[in-house]
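To keep things clear, I will list the structure first and then write my remarks on it.
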Amino acid sequence: MRHVGLAFRSSRSSEADYGGWLGQNGHSTKTHPRIPDPVCPKILLHEIPFITMSLLTDLINLDLSESTEKIIAEYVWIGGSGMDLRSKARTLPGPVSDPSQLPKWNYDGSSTGQAPGEDSEVILYPQAIFRDPFRRGNNILVICDVYTPAGEPIPTNNRHKAAEIFSHADVVAEVPWYGIEQEYTLLKKEVKWPLGWPVGGFPGPQGPYYCGIGADKAFGRDIVDAHYKACLYAGVNISGINGEVMPGQWEFQVGPSVGISAGDEVWIARYILERITEIAGVVVSFDPKPIEGDWNGAGAHTNYSTKSMREEGGYEVIKKAIEKLGLRHKEHIAAYGEGNERRLTGKHETADINTFKWGVANRGASIRVGRDTEKDGKGYFEDRRPASNMDPYVVTSMIAETTILGKQ
């Protein structure tokens, strides 16, 4: 009986790779280490065609432009919990550069907590396009928001609400800039315990880990750097990364970004991070206090300025804006992320959740103003209250609504 053999080999493979696999006269003497036994029967290579297929990684990295004009668009949206990112892919006839060129698409909202089973259809509206760092080529990632078949935004569609605020003439005129510092914690998949920590135990106290280097201080840097480069490739305005105070915790910064684009960029950056940790077999947590006790929480400090704040005399505008934020402190706290009360304790570089205060260079304040802003008499301020699991559409639009539109 003759066997048709399939061997998987990469472009770097050589005949030496197969030493010990083929015996005399081309007979197989043992299973190739890359192929499960049932797939790799003993074969006579000198009698039958030798069919070579790419390794899985080669197939994943296929350049589609060599054989077709078609592209893959990965539609990304936010599920019913407000933090669960979802995505699915579709084939398009050719490259696309503007969201308006993309078709709307439906999905089963009853499976994402966004619609009842008897009326489950929810529609994705493409809103922003990014290059796909996983498929590369002309393939794209598409940020979408969600609507009913009648065209009404569903209750969890916070992007639609934010877009209304950012399209207001007074807000447009002020060109609001945002810089968001997204903190997160990397966890071991099986035990949900921070990367680098002994299972069931604790590392040394905080101190050496912030911006630290070395195998005993920085845990998960390969994931962090992969994410950094993938975001740059995608077109995210990512401005930096650093290790955080708690070991296993990291931060990336997005911005300065204008208006609604800040939310789009933070959400797609989160999506890319989730995909990379999926590949690495690690879990990313946006919990604002992943480990109880004498450990820092995780926030999403939001830096903010308007045109008036960036111009001469802007420091007075900043102080008036901070006063407005203080008047709506409770409303902002309620919208700044779940579980934030476990983080905003007045310790670990936070202000108490029930207290509003601001200061220059004060990391224990609700609002921090930088020394340069004070010195120059213009610039920006940092809202330190948002939790790491906040919705950037909600936080950015609410800050604009309070400080520019004067909502009370």
Side-chain angles (χ1 to χ4, degrees), residues 74-89 112-113 124 126-134 140-146 156-159 162 178-187 189 195 220 223-242 244 248-257 260-288 290 297-303 335-340 343 386-397:
E74 189 81 25
Y75 281 39
V76 180
W77 73 96
I78 304 160
S81 75
M83 274 302 292
D84 57 318
L85 283 162
R86 310 287 180 125
S87 74
K88 62 176 182 173
T112 62
L124 297 169
Q127 299 291 357
I129 292 176
F130 297 88
R131 292 185 294 274
D132 187 339
F134 303 101
I140 55 176
L141 303 176
V142 184
I143 282 284
C144 304
D145 59 356
V146 289
T156 58
N157 186 348
N158 291 325
R159 190 188 191 281
Y178 298 91
I180 297 174
E181 306 170 27
Q182 176 68 71
E183 294 178 341
Y184 60 94
T185 309
L186 297 175
L187 306 177
K189 180 181 176 182
L195 213 61
I223 293 171
V224 175
D225 277 351
H227 175 250
Y228 194 176
K229 292 179 179 178
C231 283
L232 286 170
Y233 178 93
V236 175
N237 190 22
I238 186 170
S239 47
I241 57 97
N242 61 266
E244 268 304 327
Q249 194 175 87
W250 295 83
E251 172 185 298
F252 65 87
Q253 301 96 33
V254 169
S257 301
I260 197 73
S261 65
D264 290 339
E265 292 186 10
V266 169
W267 274 116
I268 204 65
R270 285 175 174 177
Y271 172 82
I272 291 170
L273 180 59
E274 291 262 22
R275 288 283 305 276
I276 289 173
T277 53
E278 173 189 320
I279 294 167
V282 171
V283 174
V284 59
S285 170
F286 294 104
D287 190 294
H301 302 156
T302 301
N303 300 275
Y336 274 17
E338 293 186 15
N340 212 8
R343 167 179 162 263
S388 51
N389 60 1
M390 63 83 161
D391 186 332
Y393 293 135
V394 172
V395 169
T396 57
S397 62

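Just so you know, residue 1 is the first one in the sequence shown, and it goes up from there.
- Residues satisfying the ring pair (Phe, Tyr, Trp, His ring centres under 6.0 Å) criterion with Y271, sequence neighbours excluded, are absent altogether.
- One finds the CD1 atom of I78 at 6.5 Å from the CG atom of L85 (value rounded to the nearest 0.5 Å).
- Distance check: F252 CZ to E183 CD gives 10.5 Å after rounding to the nearest 0.5 Å.
- A 4.5 Å side-chain heavy-atom check between F130 and V76 finds every atom pair outside the cut-off.
- Applying the side chain to side chain donor-acceptor pair (under 3.5 Å) criterion to N389, with sequence neighbours excluded, gives no partner residue.
- Under the rule for a salt bridge (Lys or Arg N to Asp or Glu O under 4.0 Å), the partners of D264 that lie at least two apart in sequence or sit in another chain are R159.
- For E74, the salt bridge (Lys or Arg N to Asp or Glu O under 4.0 Å) test picks out R135, with sequence neighbours left out.
- The side chain to side chain donor-acceptor pair (under 3.5 Å) check on S257 picks up E265, with sequence neighbours excluded.
- In this view, R131 satisfies the salt bridge (Lys or Arg N to Asp or Glu O under 4.0 Å) rule with no residue, not counting sequence neighbours.
- In this structure, S397 has no side chain to side chain donor-acceptor pair (under 3.5 Å) partners at least two apart in sequence or on a different chain.
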Could you walk me through whether I180 and T396 satisfy the side-chain contact (heavy atoms from CB on, under 4.5 Å) test, starting with their C-alpha distance in whole Å, then the side-chain angles of each, then the deciding distance to 0.1 Å, before giving a yes or no? CA-CA 9 Å; I180 297 174; T396 57; 3.9 Å; yes

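- Here the straight-line distance linking atom CD1 of I143 with atom CG of L124 works out to 11.0 Å at 0.5 Å rounding.
- Between Y178 and A262 the shortest heavy-atom distance is CB-CB, 3.9 Å.
- For R343, the salt bridge (Lys or Arg N to Asp or Glu O under 4.0 Å) criterion is met by no residue, not counting sequence neighbours.
- Minimum interatomic distance between A269 and V236 (heavy atoms only, all atoms of both residues): CB-CG1, 4.4 Å.
- At a threshold of 4.5 Å between non-hydrogen side-chain atoms, the residues L141 and P133 count as touching.
- Atoms CG and CZ, from L273 and F286 in turn, are 5.0 Å apart once rounded to the nearest 0.5 Å.
- For residues 79-89, the pairs satisfying salt bridge (charged side-chain N to carboxylate O under 4.0 Å, His left out) are D84-R86, with sequence neighbours left out.
- A heavy-atom distance below 4.5 Å is found between the side chains of F134 and I279.
- Judged purely by atom type and a 3.5 angstrom limit, Q182 uses its side chain to pair as donor or acceptor with the backbone of S388.
- For T112, the side chain to side chain donor-acceptor pair (under 3.5 Å) partners two or more places apart in sequence, or in a different chain, are Q114.
- For W250, there are no ring pair (Phe, Tyr, Trp, His ring centres under 6.0 Å) partners at least two apart in sequence or on another chain.
- Ring pair H227/Y184 is perpendicular by interplanar angle, where above 60° counts as perpendicular and below 30° as parallel.
- Shown here for V282 and L187, the closest heavy-atom pair between the two residues is CG1-O, 3.2 Å.
- Among pairs with a residue in residues 229-240, none fulfils side-chain hydrogen bond (donor to acceptor under 3.5 Å, both in side chains), at least two apart in sequence or across chains.
- Of all heavy-atom pairs spanning G339 and P288, the tightest one is O-CG, 3.5 Å.
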